[in-house]
Amino acid sequence: MSGSACGDSGCPLNLFLADDGGYTTVAVAVALLVCLSLAFSLSMTQWVSSRSADVQEVADACALAGQNPVAAFSTIAQVVDACVLSLGLMGLVVFGAGLVLAAIPGAQSLSEVVTRMGKGIADARRGFARSAAKGLEGLERVLPYLVVANSARVLQANSGGHDYVGCAIPFPQQSQSDFQALEDDVQTDELEDASRRLRDASGRLEEAKQRADAARQRGWRADCVDDPSCLRQRAETLAGLGGILNPSYSVPALWNFGVPLQRSRAYYAARLATESPTSDQIEEQTDSAVRRAFYLYALRCMNQAHYAEMPDGHVQMDLPYLPCNATEVRGTSLYSDAIWPCTFEPDGLVLHSTASCPGAKGPWAGNASLAGQEAGQAGVCPICRMSTGDMGKVAAISTSANNGYEHYWKLVVDASKEYVDARNQQADAEDELRKISGEGIGAFEKALDQLGVRKPALLPPGAWGCVSVVYRGQGQTPRGLSSAFVGSSGLPAGAAISAAVLAPDNQTSQNNVLSRVFDGIRKDGFSVGGVLGDLTGAWGELLVGYGSTYERVGSEASRALDDLDGVFGGTVGSWLRQKVSQALGEAGLTPVDMRLRKPVLVNSNDVLSQAGYDGTRQARELLGRLPDHGSPEDVARALGLWGYERIRQKKFTIAQLPIPGTTWSIPLDVDLGSLGG
């Protein structure tokens with residue numbers, strides 16, 4: 001070194017500045033030392049700063065991890081609730097099918113089977129709901145441990161050589177859920193009673209209908225079917241009737257008892273109008289007079305007869321029997337009416353068949369009745385010999401012979417008496433069916449109300465959120481950062497608090513969790529057939545569509561009920577089917593939010609405030625209670641976590657899920673090991 005920059009050899013800058021204005025070797029060496037010291041100091045500062053902030057990231061991860069078991073519990077509760085509701089709805093749909101079948105004549109035995117099946121599903125739903133409530137309660141009891149275990153696993157995974165202590169704490173710490181809604185029973189006694197009474201009334205209806213149909217068939221055959229003859233054929237042959245006065249019907253469904261009544265009115269009017277003696281013989285004149293009297297009497301009887309089927313199904317009908325012997329004549333106006341001419345003869349008053357009778361020689365004495373004749377008021381003419389026996393013979397011949405009109409008329413009247421009795425019993429049974437059906441619908445709607453009156457109020461540990469508290473003890477900086485320029489330094493202790501809550505994921509509004517549950521059931525081969533087709537499939541539709549079941553239940557039930565054979569328009573069964581479908585469609589049950597829940601970070605004050613704590617003060621208190629070291633169990637106890645316990649089993653069965661229409665059930669298992677990490 002030569003010269004002096006300041007011109008004075010004693011100047012302090014001479015060590016750093018040369019005479020020619022440049023830097024001295026000392027200056028360069030000092031500058032290098034300062035730069036190295038600054039570089040190492042900045043590296044140390046950066047490392048300490050970044051490692052100090054890691055505790056907050058770990059706390060965030062712990063909060064999210066602690067909330068994951070709560071999210072899983074929420075999904076499990078959704079599945080259980082869906083199974084309970086879908087089983088209840090399936091049971092009621094089957095009960096409704098049993099009601100409909102009970103109201104259909106001929107389907108009573110099938111109705112009993114279906115109703116018993118509905119009761120079995122309702123009982124299975126009841127047992128499943130109660131066991132599921134206990135299972136969820138049991139799962140809630142271990143949920144705090146699952147929160148701690150899962151957060152501890154994440155804490156350990158993020159250690160990175162640092163001694164982290166802490167865990168996530170669920171709020172509320174104790175379950176405040178109400179599972180009573182799951183245990184609420186759906187009463188089916190009234191439905192069973194209505195179904196039984198419907199079957200009884202339907203049986204009476206079926207019996208009456210069969211009798212009515214058989215009577216109708218017999219009346220139709222006597223009127224329209226030649227076997228060997230019939231009313232229609234005899235009216236055509238004997239009276240020359242044709243066209244609309246003497247119609248023919250090919251099937252009984254188009255025929256009624258008013259047809260032979262109208263035919264008989266036309267027939268006897270025609271016979272009366274054309275009746276005349278075929279000779280002057282007194283025997284023929286007497287027979288003709290008797291026939292005229294009979295035809296006139298029969299025409300009056302037909303005109304007084306009536307037939308009407310009322311809108312309510314009852315029948316008003318009175319088709320008259322015509323006398324077919326002398327004994328029966330004595331019970332008619334043919335016997336009591338004074339229609340026969342009389343004369344005064346030497347032996348006294350004599351009754352004749354006609355005024356032109358050769359035996360009528362005395363003066364005219366008015367008319368007398370056959371009853372008066374038999375009472376001795378008039379004698380028997382020795383020529384015409386007119387008596388009650390003559391009147392009895394005119395109908396006896398045509399009634400007893402299968403080619404007589406009155407023979408087939410008697411068959412029609414016999415059938416009409418049976419038909420009236422059966423049809424009125426049928427109408428009474430239909431009235432009773434409608435009444436009982438209305439009561440059944442009321443019981444059905446009541447059961448629906450019980451099914452959808454309320455849902456379980458779930459408030460498990462962690463429902464308000466999880467707060468994680470993490471402490472990191474003091475550590476040493478890496479030896480690589482220590483040197484002659486920077487001495488070794490310690491990483492100061494640190495703590496952090498974080499919180500997470502469950503938020504609905506809008507992208508999972510149509511999640512397929514329930515679909516996967518049902519797919520798992522079908523893979524096990526659980527499937528049955530029956531009157532409703534595949535009950536398992538029908539239940540699966542209700543289960544998988546749980547989120548929209550309340551909108552689809554009416555159409556799903558209607559589709560199932562429409563598959564029932566024998567339900568036709570105008571029947572009580574058809575009316576009942578419509579009412580059942582309408583009741584299901586108008587049940588008015590609240591829609592279900594099927595979005596999955598996922599953990600999201602929030603301000604810890606929000607969670608603590610909802611739990612009723614002063615957020616800031618409680619956070620500081622929790623941080624202050626953290627031990628310097630210890631196991632997750634020690635940390636949990638230090639933070640006052642209630643009921644902390646180890647899980648002694650890895651698999652936990654929520655309940656045994658019954659398969660509708662079968663005696664099978666499958667366990668709903670939860671792997672606690674995976675939930676707790």
Measuring from [X]:[atom1] to [Y]:[atom2], what's the distance to the nearest 0.5 Å?
X	Y	atom1	atom2	value
Leu191	Arg196	CG	CZ	13.0 Å
Leu143	Gln174	CG	CD	13.0 Å
Leu608	Ile169	CG	CD1	8.5 Å
Asp81	Ile76	CG	CD1	13.5 Å

Could you tell me whether the side chain of [Y] reaches within less than 4.5 Å of the side chain of [X], counting heavy atoms only?
X	Y	result
Val600	Gln67	no
Asp669	Ile654	no
Val58	Cys62	yes
Val84	Arg125	yes
Pro599	Asn68	yes
Thr653	Leu668	no
Phe128	Cys83	yes
Phe73	Leu146	no

Pairing residues for [X] by the side chain to side chain donor-acceptor pair (under 3.5 Å) criterion, not counting sequence neighbours:
X	result
Glu439	Arg197
Lys446	Glu190
Ser498	Asp60
Thr188	Glu192

Could you please spell out the steps behind the side-chain contact (heavy atoms from CB on, under 4.5 Å) verdict for Ser437 and Leu198?
-> CA-CA 7 Å; Ser437 295; Leu198 277 174; 3.4 Å; yes
Any idea which heavy atoms bring [X] and [Y] closest together, and the distance?
X	Y	result
Leu136	Ala77	CD2-CA, 4.4 Å
Ile104	Val100	CG1-O, 3.2 Å
Leu601	Ala63	CD2-CB, 4.4 Å
Leu502	Ala71	CD2-CB, 3.5 Å
Ser195	Gly98	OG-O, 4.1 Å
Val70	Ala463	CG1-N, 4.4 Å

Measure from the side-chain N and O atoms of [X] to the backbone N and O of [Y], and report whether any donor-acceptor pair falls under 3.5 Å.
X	Y	answer
Asn150	Gly66	no
Ser111	Ala107	no
Ser468	Ala59	yes
Ser609	Asp606	no

Candidate list Val94, Val93, Leu89, test side-chain contact (heavy atoms from CB on, under 4.5 Å), partner Ile121, passing option | Val94
Verdict with reasoning, Gln78 to Arg597, per side-chain contact (heavy atoms from CB on, under 4.5 Å) = CA-CA 11 Å; Gln78 277 184 332; Arg597 271 61 177 169; 4.0 Å; yes
What residues form a salt bridge (Lys or Arg N to Asp or Glu O under 4.0 Å) with Asp123, not counting sequence neighbours?
-> Lys119, Arg126
Contacts of type salt bridge (Lys or Arg N to Asp or Glu O under 4.0 Å), residue Glu445, not counting sequence neighbours | none
Stepwise, does the side-chain hydrogen bond (donor to acceptor under 3.5 Å, both in side chains) test hold for Ser177 with Glu140?
-> CA-CA 9 Å; Ser177 297; Glu140 280 193 341; 2.6 Å; yes
Trp464/Val501 under side-chain contact (heavy atoms from CB on, under 4.5 Å): CA gap, chis, key distance, verdict | CA-CA 7 Å; Trp464 298 332; Val501 298; over 6 Å; no
